[in-house]
Amino acid sequence: MKIISFIFLFTFFLGCKREEISICDDSIGLFTFSSYPIGTAIDIIELGNDPLYKSIAIKQFNSITPENIFKAEYLHPEPLFFNWTEADSLVSFCQNNNKRLHGHTLIWHQQLPQWILDYQGSTSDWEQLMKVHIQTIMTHFKNKVTAWDVVNEAFNEDGTLRNSIWKQKIGVSYIEKAFLYAKEADPNALLFYNDFNLESNPTKRNSVLALLNNLRNRGVKIDGIGIQMHISNYYPESTQIANSFQEIVDDNYKIHVSELDISVNPLGKDIVPSETLFNEQANLLGTVVINYNKIPKQYQYGITFWGISDKNSWIRSFYNREDYPLLYDDNYLPKPCYCKLLRTL
Ligand code: 9MR
């Protein structure tokens, strides 16, 4: 009897949810419909200044990636000084609202403080600098951050290693060392490698997998791969997405779709934002989600969007072009891609 009532209630509950889905109501959080975390990048200034931004962040997402404030130029502005103030306020926000916090990013060639760019020292001095940087940050956030993008964007599109400052000063072993230092600092944190175009460029993806597999064979802990997915209405194809997910899972890495946004105007033309463009965008998002749903559960770390509303997207300022890449429009109204996501999760 109990079982029958449970099934009845469950079906009724699902029925209610479906009804809401059909009218694309955003009053219930996206993440409540999902079996894996749904995340967003958070801009700490918007979070403090804009109540609507904050309420959508709380209601819709259960995983948070700091868009900028965990990067070296913010956290480690002087050799002997770490600035925890803003980052700690994001930690409190996550704890108070029961959100997972994803650490982005420890070792990257961009957004470095001037003192690192100017630093003079031997290879072992640079290794020490990297070790202190990684371990001070990870120790500070131990048990507060679930996972880290330990190394970000280390590869070129042709599959060679980017000649970043870290590679120049330490050599190719900087990637291995970064992961070793990270594991030493917090053995419980999940450790990710994060990069762009991994879904569309098999040459780059194969090189990344070859290097990570090689490190793993030598005992280095690497739990997952962040596949950023800054994509557009026109690219990539569903089969490319499916193949990339399959190859990464076959090699036994969790997948974080870590920075998802879908440009409707990748070439920066004069455009009129139209229903057609937004429906195409929604369909591509549906394709990403359908493919992600198919990967085994233990590999689904989650899908994170790179922002909330079109008006906050990095794309507009970075490329100085008209674009509408996110789930919410400039007035924080849910777009067709939001509705599609709700129906596809
Ligand atoms: O969204 C971030 C933007 O605010 C910064 O100005 C920019 C600096 O390069 O970095 C953006 O985030 C990047 C992320 O950290 C790594 N992958 C690419 C993202 C978009 O550039």
Side-chain angles (χ1 to χ4, degrees), residues 39-50 53 57 61 63-77 83 86-87 90 101-114 116-117 133-134 137 141 145 147-157 161-162 164-166 175 178 191-201 204-205 208 224-232 235-236 244 255-266 268 288 301-321 323-328:
T40 182
I42 283 291
D43 179 325
I44 196 78
I45 313 245
E46 295 295 332
L47 193 70
N49 289 349
D50 188 339
Y53 178 96
F61 305 97
S63 181
I64 299 295
T65 302
E67 185 170 354
N68 285 302
I69 56 167
F70 273 46
K71 293 172 179 170
E73 71 172 340
Y74 290 90
L75 277 187
H76 197 176
N83 174 13
E86 288 179 320
L90 190 65
L101 182 52
H102 180 83
H104 173 81
T105 173
L106 292 165
I107 298 298
W108 191 26
H109 61 283
Q110 284 186 31
Q111 290 181 287
L112 290 169
Q114 196 57 42
I116 292 189
L117 297 171
H133 177 74
I134 290 175
I137 293 173
F141 295 111
V145 167
W148 289 92
D149 291 334
V150 178
V151 176
N152 195 39
E153 301 173 5
F155 280 83
N156 296 312
E157 294 308 293
L161 263 190
R162 185 190 293 279
S164 74
I165 193 165
W166 303 105
I175 299 178
L191 307 182
F192 280 77
Y193 174 79
N194 190 50
D195 214 329
F196 56 88
N197 288 350
L198 297 181
E199 67 289 347
S200 53
N201 181 347
K204 186 175 188 180
R205 183 169 70 243
V208 168
I225 296 184
I227 162 167
Q228 295 182 6
M229 299 201 82
H230 294 290
I231 57 180
S232 84
Y235 204 68
S244 65
I255 299 184
H256 182 199
V257 173
S258 57
E259 304 184 12
L260 182 57
D261 47 27
I262 305 180
S263 165
V264 298
N265 187 22
V288 172
Y301 178 78
I303 296 183
T304 296
F305 292 85
W306 208 239
I308 294 177
S309 134
D310 289 337
K311 76 168 174 177
N312 313 118
S313 168
W314 69 286
I315 289 182
R316 289 191 183 173
S317 51
F318 193 83
Y319 294 109
N320 191 24
R321 72 177 187 230
D323 217 326
Y324 306 88
L326 290 167
L327 296 173
Y328 280 85

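We use all heavy atoms of the structure for the numbers below, so side chains are in, but hydrogens, waters and symmetry mates are not. For the single chain, residues carry numbers from 1 onward in sequence order. Just so it is clear, the structure is predicted and the values come from calculations on it, not from any experiment. Both ligands and their constituent atoms are indexed starting at 1 by order of listing.
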K.L.:
Can you see whether E153 engages W108 through a side-chain donor-acceptor pair at a distance of less than 3.5 angstrom?
P.N.:
yes
K.L.:
Specify the closest pair of heavy atoms between S232 and I262, including all atoms of both residues, with the distance to one decimal.
P.N.:
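Taking S232 first and I262 second, the nearest heavy atoms are C-CG2, 3.8 Å.
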K.L.:
Using the salt bridge (Lys or Arg N to Asp or Glu O under 4.0 Å) criterion, which residues pair with D261? Sequence neighbours excluded.
P.N.:
none
K.L.:
Would you please write out the protein residues whose heavy atoms approach any atom of ligand 1 to under 4.0 angstrom, listed by chain and number?
P.N.:
E67, N68, K71, H104, W108, Q110, Q111, N152, E153, Q228, H230, E259, W306, W314
K.L.:
Describe, in one word, how the ring planes of F141 and W148 are oriented to each other, choosing from parallel (under 30°), tilted (30 to 60°) and perpendicular (over 60°).
P.N.:
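Taking W148 first and then F141, their aromatic rings sit tilted (interplane angle of 30° to 60°).
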K.L.:
Just by distance, do the side chain of N194 and the backbone of N152 share a donor-acceptor pair under 3.5 Å?
P.N.:
no
K.L.:
Hey, does the Lys NZ or Arg CZ of K204 hover above the aromatic six-ring of F196, less than 6.0 Å from the centre and inside 45° of the axis?
P.N.:
yes
